[in-house]
K.L.:
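Have a look at the structure that comes next, please.
In this chain, residues are counted from 1 in sequence order. Read the numbers this way: they start at 1 and go in the same order the structure lists the ligands and their atoms. Excluded from the calculations below are hydrogen atoms, water molecules and symmetry mates; all remaining heavy atoms, backbone and side chain alike, are included.
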Amino acid sequence: MRLVMKFGGAAVADGKRIKAVAELVKRIKDSGNKELVVVTSALYNVTDMLRENALKMAREGEIESVKDFVAQIRDKHERAASEAIADERILEEVKGEIKQRTGDMEKALIGISLLGELTARSCDYIVSFGERLAAPILAGTLRSMGIDAIHLSGGEAGIITDEGYGNAQLINGADDEIRARILPLLTQNRVPVVCGYIGETRKGIITTLGRGGSDYTATLIGAAIDADEIWLWKETEGIMSADPKIIDNARKIPYISYIEAMELSYFGASILHPRAVEPVMEKDIPIRVKNLLKPDDEGTLIGKEPEHTEKAAKAITIIENTSIINIAGSGMRSISEVAARIFTALAAENVDTIMVSQGSSERTISIVIDGAQLQKAINAIKKINTMGSIIRDFTSNSNVSAVGVVGAGMAGTPGVAGKVFSALGKEGISVRMISQGSSEYNISFVVKREDAYRAARAIHEMFRMGQ
Ligand code: ASP
Ligand code: MG
């Protein structure tokens with residue numbers, strides 16, 4: 001079997017876990033899977049530390065704190081390497097790489113501190129160190145177990161992107177590049193250990209693919225090399241009918257279609273990178289979300305056809321920190337023109353919309369966005385009005401959560417929406433906004449934040465999702 005396997009977050013939290021991951025890789029390789037590609041994300045929490053702490057210190061010019069921070073990151077990775085790698089010579093090599101890379105990171109952070117200026121490009125460069133420090137450790141651990149592993153950055157693996165820093169897209173022709181870099185290694189029986197999340201422009205400048213992007217790296221590579229399957233290893237049972245932290249009887253979904261998985265991830269289920277499914281859909285390559293704690297479990301299989309099931313709705317997700325903006329258009333403009341201006345303004349500020357709904361008689365448009373982007377959105381909308389009489393009035397409210405109900409069975413099943421809203425009615429929960437995608441694979445709605453969990457539980461129960 002030709003397999004691409006991705007390990008991320010908690011799976012590579014420390015040396016002990018990295019060792020366990022390497023043992024698992026070895027076991028899978030030894031059981032006859034000749035061709036393996038491994039993708040790793042950063043050690044647990046490191047991306048956040050880089051994004052939040054390191055960049056903040058640098059922007060504020062705190063050179064001493066930057067130095068302390070880099071020392072702390074170096075220690076953390078050296079400790080992980082020492083725990084995971086048994087072979088002394090290999091350990092020394094890996095420590096050398098860690099030293100070199102943290103040195104580069106320190107130089108860059110000091111540079112930013114001195115300039116007091118942080119661009120999207122330098123931000124991607126700094127956060128890329130998470131993966132660029134993790135991959136040598138995992139590759140070294142595999143080598144010390146006798147596997148001929150080699151670590152590659154995103155660019156070295158052929159992940160060539162545009163310059164959309166923070167959320168870069170693969171360029172045309174990157175597939176050929178990936179094949180050219182990866183396939184010869186597989187032929188030589190080597191195991192590439194690829195840095196997830198990061199890519200490189202044609203000019204060799206590092207980019208990132210968006211938070212949680214290691215999943216995406218795995219599926220991009222899987223699609224390019226025609227893998228038989230892609231396994232995303234997590235510390236959960238698989239894709240769940242709901243977040244088990246919120247709903248006790250949430251259960252694993254054994255099978256889910258590409259489109260359902262996509263809807264779920266777009267709607268805030270943190271299980272998959274939202275774009276991870278795209279690359280494999282056309283080639284129909286199965287993705288499995290596997291449980292590290294129960295490696296022999298089948299996990300959740302993501303595949304092409306929606307399954308025929310009596311359950312119309314399969315899963316429910318909540319996006320908690322959202323804001324809703326209600327905009328009333330001026331009577332002088334058509335609603336299309338008002339909408340065009342609003343979305344152009346939001347797009348110019350990189351504000352993503354989660355949901356949209358529009359009531360034409362009132363000429364109102366309601367937009368749900370990530371709560372963290374509210375100020376940016378308000379500024380963008382205020383600017384529109386200085387251009388003319390487009391908007392009559394607008395209000396916003398951050399005390400709301402969006403809830404998404406997903407399932408292919410909803411298409412063509414009459415009464416699903418009725419069931420959803422009668423469940424809410426019974427709970428006495430009022431709905432602020434509703435939207436249903438035309439794919440009919442999801443119904444989403446907005447409620448007061450304090451009602452969101454109760455709403456989700458009632459619907460989970462109504463559709464017997466946990467059974
Ligand atoms: N390390 C990156 C992040 O935390 C990518 C990933 O985990 O997949 O977003
Ligand atoms: Mg991560």
K.L.:
Taking 4.0 angstrom as the limit and counting only heavy atoms of Ser41, give me the atoms of ligand 1 inside it, by number and element.
P.N.:
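Those atoms are 6 (C), 7 (O), 8 (O).
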K.L.:
Donor-acceptor pair, Ser122 side chain versus Leu118 backbone, under 3.5 Å?
P.N.:
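No; zero donor-acceptor contacts below 3.5 Å.
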K.L.:
Counting only heavy atoms, which portion of Glu131 has something under 4.0 Å from ligand 1: side chain, backbone, both, or neither?
P.N.:
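Just the side chain.
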K.L.:
Name the one of Lys448, Arg454, Arg449 that satisfies side chain to side chain donor-acceptor pair (under 3.5 Å) with Asp451?
P.N.:
Arg454
K.L.:
Can a salt bridge be assigned to the pair Glu260 and Lys314 using a cut-off of 4.0 Å between side-chain N and carboxylate O?
P.N.:
yes
K.L.:
Can you tell me if Lys34 uses its side chain to pair, donor with acceptor, with the backbone of Met1 under 3.5 Å?
P.N.:
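Flag not set: sc Lys34 to bb Met1 has no pair under 3.5 Å.
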K.L.:
N/O of Arg211 under 3.5 Å from N/O of ligand 1, yes or no?
P.N.:
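By distance alone, the answer is yes.
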K.L.:
Could you tell me whether the side chain of Thr300 and the main chain of Ile239 form a donor-acceptor pair under 3.5 Å?
P.N.:
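Yes.
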K.L.:
Under 4.0 Å from a heavy atom of Gly213: which atoms of ligand 1 are those, numbered in the order shown and with their elements?
P.N.:
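Those atoms are 5 (C), 6 (C), 8 (O).
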K.L.:
Determine whether any heavy atom of Gly130 lies closer than 4.0 Å to an atom of ligand 1.
P.N.:
no
K.L.:
Got an N/O contact under 3.5 Å between Gly210 and ligand 1?
P.N.:
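No; the residue has no nitrogen or oxygen that sits under 3.5 Å from a nitrogen or oxygen of the ligand.
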K.L.:
Is it the case that ligand 1 has an N or O less than 3.5 angstrom from some N or O of Asp215?
P.N.:
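No; the residue has no nitrogen or oxygen that sits under 3.5 Å from a nitrogen or oxygen of the ligand.
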K.L.:
Less than 4.5 Å apart, side chain to side chain, heavy atoms only: is that true for Arg275 and Asn167?
P.N.:
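The answer is yes, as the side chains (C-beta and beyond) meet within the 4.5 Å cut-off.
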